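Just so it is clear: chains get the letters A, B, ... in the order the sequence lines come, proteins before strands, and each one is counted from 1. Remember, it's a predicted structure, so these values are computed and weren't measured experimentally.
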Amino acid sequence: MLVGASSRRFRSLYESALSPRSRIINHVKKIPCLFISNGVAQDAVSLGKNQPSLILEGNETPNIVVYNSILRGLIIGSRPESSFFYFSKMRRQGVTPDKHTYPLLLKASSKIKSGNQTQIHAQTVKFGFDSDPFVENALVSAYGNGGELDFAFRVFYEITERDSITWTAIIDGCVKNGRALDSLKLFLGMRSSGVEPDGVTIAVVLSAIATVADVSFGKCVHGLYLARGKVNWDVYLGSALIDMYAKCGLCDDARKVFDEIPHRNVVCWSALIEGYVQSSRSKEALSVFQNMLFKSEVKPNEATLVSVLGACSQMGALEQGRLLHAYAVESNLELNMSLGTSLIDMYAKCGSISESFMIFKALPRKDVYPWTAMITGLAMHGHGKRSLDLFSTMLSSGVQPNAVTFTGVLCACSHGGLVDQGRSYFYSMSSVYGIEPKMEHYGCMVDLLGRSGRLEEALSLIEGMPIEPEPGIWGALFGACMIHKDFELGERIGKHLIKLQPRRSGRYALLANLYSMSQKWEEAASMRKLMKGKGVEKTPGCSWIEVNSIVHEFNAFDLSINAHLKDIYLVLNRLNSQLKVLNCELDTCHLLISLDMQ
DNA sequence: ATAGGGTTAG
């Protein structure tokens, strides 16, 4: 008996299954398995959301082949955790597993992260299946997916006949465990051992390249794939390519690949959108998303929204962000930790800390990411004390902070003027939590010390840094010198900054401002002259206003200033009435924009 | 009759 047997194809399968003896049909991908026998209904197995249900009938115990089919159905359906239940039931009924059973169990254990690969491995040894090539490959993969890379390598080295699946499994294991460079070395090893990579190998290697953002390697692999003859667009490969170009910062190349793929799935779209976000082209990210919504058949998922919300955060597009939030609720998307974190982050960066906090409270489970987003959000909004309180709550609920958490914490101290606390948090990073302070942590500390007037201490912190301080660190100290009118130290830093970045106009402007402030008019003038004479570039200013959920982007210097102004006037006039509805002052918008253009 | 490796997100 079957539930949901509506399609014609399915019905014919159903009818052909209604023979007196039990049978299995397992060749149609959409219908993972179907077991029917005459007799009394014994057990029902729902094979997942879009899969038909399966009811086992009859008194006879299913044999191992039937059980393997049930396991497969559960794993490719949405109930991999039930496969262990059926496995133990099978054992209770005295059915002995065969060599086909173990790859299935291993896959289930990867899917649900049960961490019981070692137990399954032990059983394969016990039953003598541990040198079966399918079992060996499945072991490499399951150990890799379960974070036990050392075990994966041990099995890998035991294998004498490694095929492309063995290699792909170990390469993937490395990528998934944060050892992308090793995975690329293994790929070269695979090539020199004469095993041909196939499409799956290429997809995995591309994901490794994406994490190290090595375009030239990526282009080689892309070429390697193309050189192998006719291009069969596989969506896995296509999305891996899009993602690789996107992560390397080449979203136009990502777009080219995207345009070539005939059947794009949600991953292709999401990877492309994320590419635009990574390149700070948030308006384009939004428009790709809108094309996806209105001109494609593909439905966005949680990952898609995470990226689009990132675009909203960049633009401060609160209304757009709220719409996306509503969309997520409306489409029954799961408020998982990634989506929750990006909503918290979006609301905070768009200025609505209360909505941010509402999401935070609504999240059923929280790991370090949502906590960090909330701590950082509160700090950005000037709630130093609340931010630090939340940090303590996080610690007492047993969540370990990471490097990003500490940037939030130090930022909170900076805003609250809590120098001693900040200092002790900073030193606790490596001594208590084993996290080495990175550039941004030094930046926060310099800012914290500098703002409170401890210029000497800030300077010696920079000079004692184990890593080469980047210009921004000096910039923070320069800012502090300006606040506390230490023009002598400021001048030294200003000159140093110009030496570091002679083509950045802002660096000359800083020193010019310092000279003006200390009334050294001639030096100020010569600095401005120097700045013009070098023909230095300026990062183009960009701003957005959002009216009735429509985001308008203004780029300084992409048009002549006059044409640009005209544009703004046109838009502002058109929107004048709507702005009034939104209680937004036209003058304020205008002022913001013209300030931005100077 | 049934078995092994894959792409996106904080």
Provide, to the nearest angstrom, the distance between the [atom1] atom belonging to [X] and the [atom2] atom belonging to [N].
X         : N       : atom1 : atom2 : result
Ile242(A) : dA9(B)  : CD1   : P     : 12 Å
Leu206(A) : dT8(B)  : CG    : C1'   : 14 Å
Leu324(A) : dA9(B)  : CG    : P     : 18 Å
Asp234(A) : dT8(B)  : CG    : P     : 13 Å
Leu333(A) : dT8(B)  : CG    : C1'   : 14 Å
Leu186(A) : dG5(B)  : CG    : P     : 18 Å
Ile344(A) : dG10(B) : CD1   : P     : 14 Å
Ile273(A) : dG10(B) : CD1   : P     : 13 Å

For dT2(B), does OP1 or OP2 lie under 4.0 Å from any side-chain N or O of Lys99(A)?
no
Does OP1 or OP2 of dG6(B) have a side-chain N or O of Lys176(A) closer than 4.0 Å?
yes
Would you indicate which nucleotide in [options] comes nearest to any side-chain atom of [X]?
X         : options                 : answer
His100(A) : dG5(B), dA3(B), dG10(B) : dA3(B)
Asn68(A)  : dG6(B), dG10(B), dT2(B) : dT2(B)
Arg72(A)  : dG6(B), dG10(B), dA3(B) : dA3(B)
Ser239(A) : dT7(B), dG10(B), dA9(B) : dT7(B)
Ala303(A) : dG10(B), dT8(B), dA1(B) : dT8(B)
Asn336(A) : dA9(B), dG10(B), dT8(B) : dA9(B)
Leu104(A) : dA3(B), dT8(B), dG10(B) : dA3(B)
Val306(A) : dT7(B), dG10(B), dA3(B) : dG10(B)
Thr168(A) : dG5(B), dG6(B), dG10(B) : dG5(B)

Please tell me whether Ser342(A) and Asp345(A) have a donor and an acceptor in their side chains that are separated by less than 3.5 angstrom.
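Note: Ser342(A) and Asp345(A) side chains miss the donor-acceptor criterion.
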Distance only, no hydrogens: is a donor on one side chain within 3.5 Å (strictly under) of an acceptor on the other, for Gln119(A) and Gln123(A)?
no
Looking across every strand, which nucleic acid part, if any, lies under 4.0 Å from [X] by heavy atom: base, sugar-phosphate, or nothing?
X         : result
Thr304(A) : nothing
Lys247(A) : sugar-phosphate
Leu237(A) : base
Val235(A) : base

Would you please indicate if the ring centroids of [X] and [Y] are separated by under 6.0 Å?
X         : Y         : answer
Trp269(A) : Phe258(A) : yes
Phe360(A) : Phe357(A) : yes
Phe151(A) : His121(A) : no
Trp167(A) : Phe187(A) : no

Does the pair Arg255(A)/Asp259(A) count as a salt bridge with the N-to-O cut at 4.0 Å?
yes
Any donor-acceptor pair under 3.5 Å between the side chain of [X] and the base of [N]?
X         : N       : result
Ser69(A)  : dT2(B)  : no
Thr201(A) : dG6(B)  : no
Asp163(A) : dG5(B)  : no
Ser342(A) : dG10(B) : no

